[in-house]
Amino acid sequence: MTTFSLGDTDFLRDGQPHQVISGAIHYFRVHPDLWQDRIRKARLMGLNTIETYVAWNAHAPRRGEWDTTGWNDLGRFLDLVHAEGLDAIVRPGPYICAEWHNGGLPVWLTGSMENLRSSAPDFLVEVSAYLRRVYDIVAPRQIDRGGPVVLVQIENEYGAYGADKAYLEALVAVTRDAGITVPLTTVDQPVDQMLSDGSLPGLHKTGSFGSRSAERLATLRRHQPTGPLMCSEFWDGWFDWWGGVHHTTDVAAAAADLDALLAAGASVNIYMFHGGTNFGLTNGANDKGRYLPLVTSYDYDAPLDEAGNPTEKFFAFREVIAKYAPVPEEMPAVTIAAPAFDVSLSPVGTWTDGDGAGAVTAQPQSFDALGHLSALVRYDVDLPDGNGGLLVTDEVRDLAWVSVDGVAVGTLSRTRHDRAIRIPKGRTLSILVEDQGRVNYDHRLGEEKGLIGAVTLDGTPITGWRSTPLDVAAEIDAGQPTDAAGDGPHAWTTDFTLDAPADLFLDTAPWSKGYAFVNGFFLGRYWRNGPQRTLYVPAPATREGRNRLVVLELEQILAPIARFVEAPALGVTEE
């Protein structure tokens with residue numbers, strides 16, 4: 001039996017000093033057929049450990065559900081880590097941030113209670129049940145039972161959110177009661193208040209940072225005089241948001257900071273080793289005074305890019321790691337260009353104009369009240385006496401297209417802090433609202449989506465709304481062939497042929513805003529707002545022979561073309 005424990009200055013593996021050199025791969029952001037490839041490449045860079053969050057809302061999108069199959073097969077992912085000869089670190093949250101929608105918390109949970117991430121009894125009941133399910137998978141895979149798991153984290157950067165020690169104590173109790181025997185850790189940014197608030201005696205404190213390693217480790221050591229030093233989130237890149245730039249970090253600077261960490265004897269978890277993709281509608285958002293939804297790619301400027309290819313950073317990090325630990329002689333295969341070709345798109349028809357047969361309510365119903373987990377709800381109402389005027393909303397979450405009698409009027413954007421728009425006379429007002437991503441950080445977790453509050457026309461409340469949820473993924477077969485596409489939301493399709501399954505990069509530059517699918521696989525969102533221009537198509541989503549692309553456009557296709565290119569285009573970077 002192998003043991004793993006905390007020593008006075010180091011982690012101890014079978015009683016011998018051990019430096020954890022880990023990298024993050026989120027199983028829920030990578031096609032499961034590609035897990036083994038990404039894990040193997042981690043070993044080839046010199047890593048000895050793989051870290052992953054557990055996304056509660058991926059496993060339990062609706063109350064009463066618990067899925068551990070396919071993309072959610074955490075046990076298989078950990079078994080693949082073990083088969084590669086690597087250790088594993090598991091961070092089950094319940095809150096994970098991770099730029100993942102709602103910070104990993106299920107919408108059914110956050111919408112049903114106010115005291116999130118606290119010792120409130122109703123929250124603890126749900127969290128305890130969730131953790132026990134996770135630990136049913138993790139406990140038998142701990143290192144002292146012949147598995148790969150060497151560390152389990154309690155909560156996640158809790159010191160940036162709260163200071164409820166009873167909450168942390170409850171999480172520890174359920175963790176230990178569920179049979180977790182490996183050391184338990186916490187992570188916080190190396191700020192005095194956060195380190196004090198985010199942990200407990202008996203939990204091993206680690207830090208999260210991406211630079212000034214010596215200074216950060218010194219702060220951590222002040223709060224924890226003994227035990228191994230660890231940066232359990234070494235930020236080697238950053239995430240992107242729509243309307244921003246593509247973030248990159250200097251390779252030499254990142255490698256130097258990694259070198260400083262390892263030279264100090266500290267253990268490290270590189271966040272991210274491989275970022276992956278926010279497939280479907282899984283991207284999060286930040287709101288620190290301005291709502292910023294995150295892009296589909298989670299490339300993160302990591303050592304492995306979004307498609308799993310080694311970058312310059314991979315080889316720089318590998319050279320650094322080789323100074324402190326054995327690195328395999330084998331190198332990853334040379335990256336080859338993806339197939340490049342163009343095909344014409346054909347219009348299929350409108351896809352957001354369902355019958356709107358929902359119940360009539362005084363106020364618009366939120367996505368949450370409707371129990372709707374997809375991206376769109378259409379709100380229709382009869383205009384009083386056919387009048388136009390100044391339409392004012394309390395709040396739009398997050399982007400709305402306004403039309404009267406089917407004629408587009410304009411948009412209302414949460415990011416722009418829009419609340420008002422002047423509309424013409426007509427019979428029916430329609431407002432199509434998109435949830436652009438749930439905030440994943442701080443106290444906006446769990447906020448409702450849709451038209452929030454009252455809507456007035458020249459100061460008079462409008463009532464009698466029909467709220468129609470639109471399941472984006474269900475719309476890919478809903479359209480009917482048509483000769484031409486008009487204005488507004490239209491579906492487009494095309495077929496293309498491949499000699500064999502292959503990674504592809506779909507260039508969305510000729511389009512405006514919407515969603516794309518290949519063979520029914522939901523690639524994610526695209527938007528001319530940038531910076532991201534290509535959508536990654538993983539090879540397992542393709543097939544030899546004929547493949548089908550479906551594009552659900554919300555605004556206007558600029559050119560009826562689907563262009564596949566050789567390499568990703570994630571946008572302009574800051575100089």
Side-chain angles (χ1 to χ4, degrees), residues 241-244 280-281 283 285 291-296 344-354 374-380 391 393 396-416 418 421-424 428-437 449-451 468-473 475-476 478-480 482-494 506-517 522-535 549-563 569 571:
W241 51 87
W242 294 113
L281 304 171
N283 65 281
Y291 174 78
L292 298 171
L294 305 180
V295 303
T296 299
S344 297
L345 286 172
S346 299
V348 179
T350 58
W351 61 279
T352 61
D353 53 356
S374 193
L376 297 168
V377 171
R378 197 185 77 242
Y379 298 96
D380 301 303
L391 186 77
T393 64
V396 172
R397 297 182 188 153
D398 302 304
L399 180 60
W401 291 264
V402 181
S403 61
V404 173
D405 294 339
V407 178
V409 175
T411 60
L412 296 169
S413 165
R414 175 181 180 178
T415 298
R416 298 192 304 254
D418 293 338
I421 190 170
R422 187 163 293 278
I423 63 171
T428 304
L429 168 68
S430 295
I431 305 177
L432 180 67
V433 177
E434 181 188 32
D435 167 3
Q436 293 189 286
K449 294 289 188 173
L451 282 182
T468 305
L470 299 173
D471 184 346
V472 172
E475 297 295 333
I476 60 174
Q480 297 298 318
T482 182
D483 292 333
D487 294 330
H490 274 73
W492 300 74
T493 64
T494 190
L506 176 60
D507 187 348
T508 64
W511 314 335
S512 293
K513 189 180 197 311
Y515 319 93
F517 302 77
F522 196 167
L523 301 177
R525 309 173 194 254
Y526 65 86
W527 195 5
R528 288 187 63 81
N529 199 19
Q532 179 177 354
R533 202 180 82 179
T534 54
L535 288 175
L549 169 69
V550 175
V551 178
L552 300 181
E553 172 64 47
L554 284 162
E555 294 179 347
Q556 193 70 47
I557 291 285
L558 306 184
I561 296 170
R563 177 171 295 129

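Fair warning: this is a prediction, and the values are worked out from it, not measured in the lab. For this chain, numbers begin at 1 and follow the sequence in order.
Under the 4.5 Å side-chain criterion, counting only non-hydrogen atoms from C-beta, W242 is not in contact with L399. In this structure, the side chains of L432 and Y379 stay at 4.5 Å or more apart for every pair of heavy atoms. At least one side-chain heavy atom of I421 sits under 4.5 Å from a side-chain heavy atom of V409. For the pair V402 and L412, the minimum side-chain heavy-atom distance is below 4.5 Å. Side chains of P293 and D398 form no contact here, defined as non-hydrogen atoms less than 4.5 Å apart. Side chains of R416 and T411 form a contact here, defined as non-hydrogen atoms less than 4.5 Å apart. Looking only at side-chain heavy atoms (C-beta outward), L391 and R422 stay at 4.5 Å or farther from each other. Side chains of L376 and V433 form no contact here, defined as non-hydrogen atoms less than 4.5 Å apart.
Ion pairing between a basic and an acidic side chain is recognised when a charged N comes within 4.0 Å of a carboxylate O; E434 and R525 show such pairing. Contact check on R397 versus D435 returns no salt bridge, with no Lys/Arg side-chain nitrogen under 4.0 Å from an Asp/Glu carboxylate oxygen.
With no hydrogens or angles considered, no side-chain donor-acceptor pair links T508 and R563 at under 3.5 Å.
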Determine whether E555 and W401 satisfy the following criterion, side-chain hydrogen bond (donor to acceptor under 3.5 Å, both in side chains), listing intermediate values before the conclusion. CA-CA 9 Å; E555 294 179 347; W401 291 264; 2.9 Å; yes
Could you please spell out the steps behind the side-chain contact (heavy atoms from CB on, under 4.5 Å) verdict for S512 and L558? CA-CA 7 Å; S512 293; L558 306 184; 4.0 Å; yes
Show, in sequence, the C-alpha distance, side-chain angles and deciding distance for L549 and F517, and conclude whether the side-chain contact (heavy atoms from CB on, under 4.5 Å) test is met. CA-CA 6 Å; L549 169 69; F517 302 77; over 6 Å; no
Evaluate side-chain contact (heavy atoms from CB on, under 4.5 Å) for K513 paired with N529, printing each intermediate quantity in order. CA-CA 8 Å; K513 189 180 197 311; N529 199 19; over 6 Å; no
N283 vs Q436, side-chain contact (heavy atoms from CB on, under 4.5 Å): CA-CA, chis, key distance, verdict: CA-CA 8 Å; N283 65 281; Q436 293 189 286; 5.7 Å; no
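To the nearest 0.5 Å, atoms CZ (F522) and OH (Y515) are separated by 7.0 Å. Rounding to the nearest 0.5 Å gives a distance of 10.0 Å between CD of E553 and CG of L345. Of the inter-residue distances, the one linking T296 atom OG1 with L535 atom CG reads 5.5 Å to the nearest 0.5 angstrom.
By the side chain to side chain contact (heavy atoms under 4.5 Å, CB included) test, A509 is found to be paired with D507, R533, residues two or more places apart in sequence or in another chain being considered. Here T493 pairs with V348, R548, V550 under the side chain to side chain contact (heavy atoms under 4.5 Å, CB included) rule; sequence neighbours left out. S430 is linked by a side-chain hydrogen bond (donor to acceptor under 3.5 Å, both in side chains) to D380, counting only residues two or more places apart in sequence or in another chain.
Of all heavy-atom pairs between W241 and P531, the closest is O-CD, 3.3 Å. The nearest pair of heavy atoms linking G437 to Y291 is O-OH, 2.7 Å. Here the shortest heavy-atom pairing between T534 and A569 reads OG1-N, 2.9 Å.
Shown are I557, T350, V551; of these, the side-chain contact (heavy atoms from CB on, under 4.5 Å) with H490 is made only by T350.
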